[in-house]
Amino acid sequence: MSGLACSGADMQSLCTEAAMGPIREVAQQRRGNLQNVCSADIPMLAIGHFHAALQVVKPSVSPNDLQRYEDWNDLFGSYKIERRPSHES
């Protein structure tokens with residue numbers, strides 16, 4: 001998800017996937033048995049969980065879609081953005 005070309009739904013998916021990281025760690029330690037797990041048994045959410053989630057969750061916004069949104073914003077939007085340099089020749 002580098003370059004921040006992601007939707008709000010992509011961000012939600014990333015956060016959900018990261019939040020499942022500690023649960024999966026406990027499940028692995030207990031060989032899948034999650035009965036009688038209390039909140040103190042679950043590790044804190046850490047940046048590593050987000051790094052792992054980035055390997056799973058992929059952005060759904062294509063570069064072409066992002067360009068269309070930026071073009072629309074230039075014409076009709078009230079939020080002015082600084083343009084990225086184009087990689088096209």
Side-chain angles (χ1 to χ4, degrees):
M1 295 184 102
S2 64
L4 300 176
C6 57
S7 68
D10 294 339
M11 293 302 294
Q12 180 180 2
S13 294
L14 177 71
C15 292
T16 300
E17 182 66 26
M20 289 301 297
I23 304 296
R24 289 186 182 114
E25 290 172 10
V26 171
Q28 185 176 17
Q29 291 168 355
R30 295 175 177 233
R31 293 186 166 89
N33 183 1
L34 292 176
Q35 292 181 339
N36 302 318
V37 173
C38 65
S39 61
D41 297 332
I42 301 171
M44 296 283 289
L45 185 62
I47 191 69
H49 297 116
F50 285 93
H51 288 294
L54 282 168
Q55 300 304 309
V56 177
V57 177
K58 301 301 178 196
S60 63
V61 179
S62 72
N64 288 340
D65 287 340
L66 182 60
Q67 185 62 53
R68 286 182 39 223
Y69 297 138
E70 288 177 352
D71 292 345
W72 185 93
N73 186 68
D74 287 344
L75 291 172
F76 307 108
S78 60
Y79 181 73
K80 299 302 175 197
I81 55 175
E82 186 174 318
R83 287 295 192 163
R84 299 181 317 271
S86 177
H87 296 296
E88 298 175 6
S89 302

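Starting from 1, each residue takes its place in the sequence as its number.
Residue Leu66 holds its CG atom at 11.5 Å from OG of Ser7, rounded to the nearest 0.5 Å. Here OH of Tyr69 is found 11.5 Å from CG of Asn64. Values are rounded to the nearest 0.5 Å.
Every residue two or more places apart in sequence or in another chain that forms a side-chain hydrogen bond (donor to acceptor under 3.5 Å, both in side chains) with Glu25 is listed here: His49.
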Atom pairs and distances, side-chain donor-acceptor, residues 26-39, under 3.5 Å, sequence neighbours left out:
| unit_1 | atom_1 | unit_2 | atom_2 | d |
| --- | --- | --- | --- | --- |
| Arg30 | NH2 | Asp41 | OD2 | 3.2 |
| Asn33 | OD1 | Gln35 | N | 3.0 |

Side-chain donor/acceptor pairs under 3.5 Å, residues 11-24, sequence neighbours excluded:
| unit_1 | atom_1 | unit_2 | atom_2 | d |
| --- | --- | --- | --- | --- |
| Ser13 | OG | Ala9 | O | 3.1 |
| Thr16 | OG1 | Gln12 | O | 2.9 |
| Glu17 | OE2 | Arg24 | NH1 | 2.8 |

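The minimum heavy-atom distance linking Lys58 with Leu54 is given by the pair NZ-O, 3.6 Å.
Using modelled atom types, no side-chain atom of Asp10 and backbone atom of Pro59 make a donor-acceptor pair closer than 3.5 Å.
Ion pairing between Arg68 and Asp65 holds under the 4.0 Å rule for side-chain N and carboxylate O.
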